[in-house]
Amino acid sequence: MRSPRRRLRRRLSCCSAEAASRALSKKLHIKTYGCQMNVYDSGRMADVLAPLGYTGTDEARDADLIILNTCHIREKAAEKVYSELGRLRAVKEARARAGRPLLLGVAGCVAQAEGDEVRRRAPHVDLVVGPQTYHRLPELLERLARRAGAGVLVDFPADSKFDSLPDNRHVTAGAAFLTVQEGCDKFCSFCVVPYTRGAETSRPASDVLAEARSLVAAGAREITLLGQNVNSYHGEGNDGRTWDLARLIAALAEVDGLARIRYTTSYPADMSDELIRAHGEIPQLMPFLHLPVQSGSDAVLKAMNRRHNADDYRRIVGRLRAARPDLALSSDFIVGFPGESEADFAATLRLVEEIGFVQAYSFKYSARPGTPAAQMDGQVPDPLKAERLALLQELLNAQQIAFNRACAGRVLPVLLERQGRRCGQLVGRSPYMQAVHVEADGALLGSVVPLRIREGLPNSLRGEAMGVS
Ligand code: 5AD
Ligand code: SF4
């Protein structure tokens, strides 16, 4: 297998040796917005750029290349990117005057959705890459080095980026993301994802398994499988058949050293019998599921073009809990969707009360250009959206706090992932995705440790160490 450095040499073959050696000591800062798929992509962009000599820095001011890995899902998220680019313009100009040029890149879904428009609104941007083309960052940088102009690459290429990404993966502390599926064919009427991320595609199981093994070899004990619609995974299996997510998870459960498996984000109508059964049968599969419902009103769900109604969702949750009684649920909600009445909103509150969520994300509906809902009658005024959001969040927060408090006194296995803010403190994750703070030896980072939970706080747990598993 060709090493990343050799690939780099090939890519840089037309640059001078001097330019190459200059490139071999540069700092990269990636600012990630939005979902976990972007977190994964940011890591992979760092992997792609490492052979060019780019090392990561948390400090934007030290960077030679800053990439904003962007999110387009709500208007606020997209506008944040442009205001950050405005701020970086002054930084870039100051750096040019000081003789230490700064390169600026825009990646992710704003890049994909707006393409050339990004450079029209922010001409100081040097490169624009979509979620499917970031493996070609070295080529764009080379073009810039040759002063062949800024690069915009936002197509949906026939060849998969996954075939070109380096094999080496970095795992900082025990937990890693692994993208297995991309894109979405569901076309919820409010959502830009089918347009920015394209049609559903799944990676072959053998690629996923190889990446999982390399993550475990690099220290991962937990892998979260990622996809916009991860439970519609339908990849080519090792046996020549099409594998669904349940089959893929069963194969991953055989990977030695992999203690925990999670997957996100799921679409309710794609929760198959096999996948529900897997929750009861595969101990590595963690008892936590993010299953966005969006609304508790059938009329709103229909207008959203969701393929489930509120009772379907209740039934799916009932079956999941029958398979895995301690399953904790998280969800996404949109309030103020066009036409949402008081009664529709009350139905959402009712559903939340019945199901009980341990964590949730809730948003005011944001009209996105090009989506059907943006054209619908009955747009809800912002103050009413804000009022409903506050009520919903009050209920969801109360459920989260009650769940956290109920964990006090239990012993939970916690994967210790990072240093805490306080000296001697580590932070990990419970099986139910709660952050757990504990005073413990740094040598335990990256291991799953049973902790006695002393206290349940609104956003985290406080634990006490007992021993290593
Ligand atoms: N307005 C508000 N929230 C949205 N989401 C997606 N599109 C929109 C929009 N136009 C939310 C959904 C989705 C989550 C990732 O973002 O709840 O599940
Ligand atoms: Fe967007 Fe709906 Fe697809 Fe989720 S399922 S990515 S909300 S279109």
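Values below: all heavy atoms of this structure, side chains included; hydrogens, waters and symmetry mates excluded. Position 1 is the first residue of the sequence; numbering continues from there. Indexing begins at 1, ligand by ligand and atom by atom, following the structure's order.
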According to the interplanar angle, ranging from 0 to 90°, do the rings of [X] and [Y] count as parallel (below 30°), tilted (30 to 60°) or perpendicular (above 60°)?
{"X": "Phe333", "Y": "Phe357", "value": "perpendicular"}
{"X": "Tyr267", "Y": "His308", "value": "perpendicular"}
{"X": "His279", "Y": "Tyr263", "value": "tilted"}

Any nitrogen or oxygen of [X] lying under 3.5 Å from a nitrogen or oxygen in ligand 1? Just yes or no.
{"X": "Ile334", "answer": "no"}
{"X": "Ser366", "answer": "yes"}
{"X": "Arg368", "answer": "no"}

Nearest-neighbour protein heavy atom for [atom], which is reported as residue plus atom name and distance:
{"atom": "atom 6 (C) of ligand 1", "answer": "Ile73 CG1, 3.3 Å"}
{"atom": "atom 14 (C) of ligand 1", "answer": "Asp332 OD2, 3.4 Å"}
{"atom": "atom 7 (N) of ligand 1", "answer": "Phe190 CD1, 3.3 Å"}
{"atom": "atom 2 (Fe) of ligand 2", "answer": "Cys188 SG, 2.3 Å"}
{"atom": "atom 4 (Fe) of ligand 2", "answer": "Arg306 NH1, 4.4 Å"}

Indicate, with yes or no, if the rings of Tyr432 and Phe288 have centres closer together than 6.0 Å.
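Distance test on ring centres: not under 6.0 Å, no.
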Would a line drawn from the ring center of Phe187 to the ring center of Tyr195 be shorter than 6.0 Å?
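Yes - the distance between ring centres of Phe187 and Tyr195 falls below the 6.0 Å cut-off.
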Residue among Arg307, Arg306, Lys186 satisfying salt bridge (Lys or Arg N to Asp or Glu O under 4.0 Å) with Asp270
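The residue from Arg307, Arg306, Lys186 that satisfies salt bridge (Lys or Arg N to Asp or Glu O under 4.0 Å) with Asp270 turns out to be Lys186.
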Passing candidate, salt bridge (Lys or Arg N to Asp or Glu O under 4.0 Å) with Glu340, options Lys364, Lys385, Arg388
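The salt bridge (Lys or Arg N to Asp or Glu O under 4.0 Å) with Glu340 is passed solely by Arg388 among Lys364, Lys385, Arg388.
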How does Thr265 reach ligand 2, if at all, at less than 4.0 Å between non-hydrogen atoms: by side chain, backbone, both, or neither?
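Near ligand 2, Thr265 shows nothing, with every heavy atom at 4.0 Å or more.
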Under a 4.0 Å threshold between the charged nitrogen and the carboxylate oxygen, would Asp244 count as salt-bridged to Arg247?
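Judged by the 4.0 Å cut-off on N to carboxylate O distance, Arg247 and Asp244 do not form a salt bridge.
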Determine, using heavy atoms of Arg197 and all atoms of ligand 2, whether some pair is separated by less than 4.0 Å.
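No, Arg197 has no heavy atoms under 4.0 Å from ligand 2.
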Near atom 2 (Fe) of ligand 2, is there an N/O/S atom from Cys184 that is less than 2.8 Å away?
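No N, O or S atom of Cys184 is closer than 2.8 Å to atom 2 (Fe) of ligand 2, so no.
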Which ligand 2 atoms are under 4.0 Å away from a heavy-atom of [X]?
{"X": "Asn229", "result": "3 (Fe), 5 (S)"}
{"X": "Phe190", "result": "7 (S)"}
{"X": "Tyr267", "result": "5 (S)"}

Check against side-chain hydrogen bond (donor to acceptor under 3.5 Å, both in side chains), Glu200 and Ser232:
CA-CA 8 Å; Glu200 287 180 6; Ser232 75; 3.0 Å; yes
What part of Phe363 sits under 4.0 Å from ligand 1 if we count only heavy atoms: the side chain, the backbone, both or neither?
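The side chain, only.
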Ligand 1 versus Lys364, non-hydrogen atoms closer than 4.0 Å: side chain, backbone, both, neither?
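The backbone, only.
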Any idea which of Lys76, Arg74, Gln228 brings a heavy atom closest to atom 5 (N) of ligand 1?
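Nearest option to atom 5 (N) of ligand 1, by heavy atoms: Arg74.
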Measuring from atom 1 (Fe) of ligand 2, which candidate in Cys191, Ser266, Pro194 has the nearest non-hydrogen atom?
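The nearest heavy atom belongs to Cys191.
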Proximal ligand 1 atoms for Gln294, defined as those under 4.0 Å from one of its heavy atoms
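Listed by number with element, the hits are 12 (C), 13 (C), 17 (O), 18 (O).
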Distance, nearest 0.5 Å, that separates CD of Gln36 from OG1 of Thr264:
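It is 5.5 Å, given to the nearest 0.5 Å.
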Evaluate the criterion side-chain hydrogen bond (donor to acceptor under 3.5 Å, both in side chains) for residue pair Gln359 and Tyr361; output intermediate values, then yes/no.
CA-CA 7 Å; Gln359 189 191 303; Tyr361 302 91; 3.3 Å; yes
Evaluation steps, side-chain hydrogen bond (donor to acceptor under 3.5 Å, both in side chains), between Ser189 and Asn305
CA-CA 6 Å; Ser189 60; Asn305 194 31; over 6 Å; no
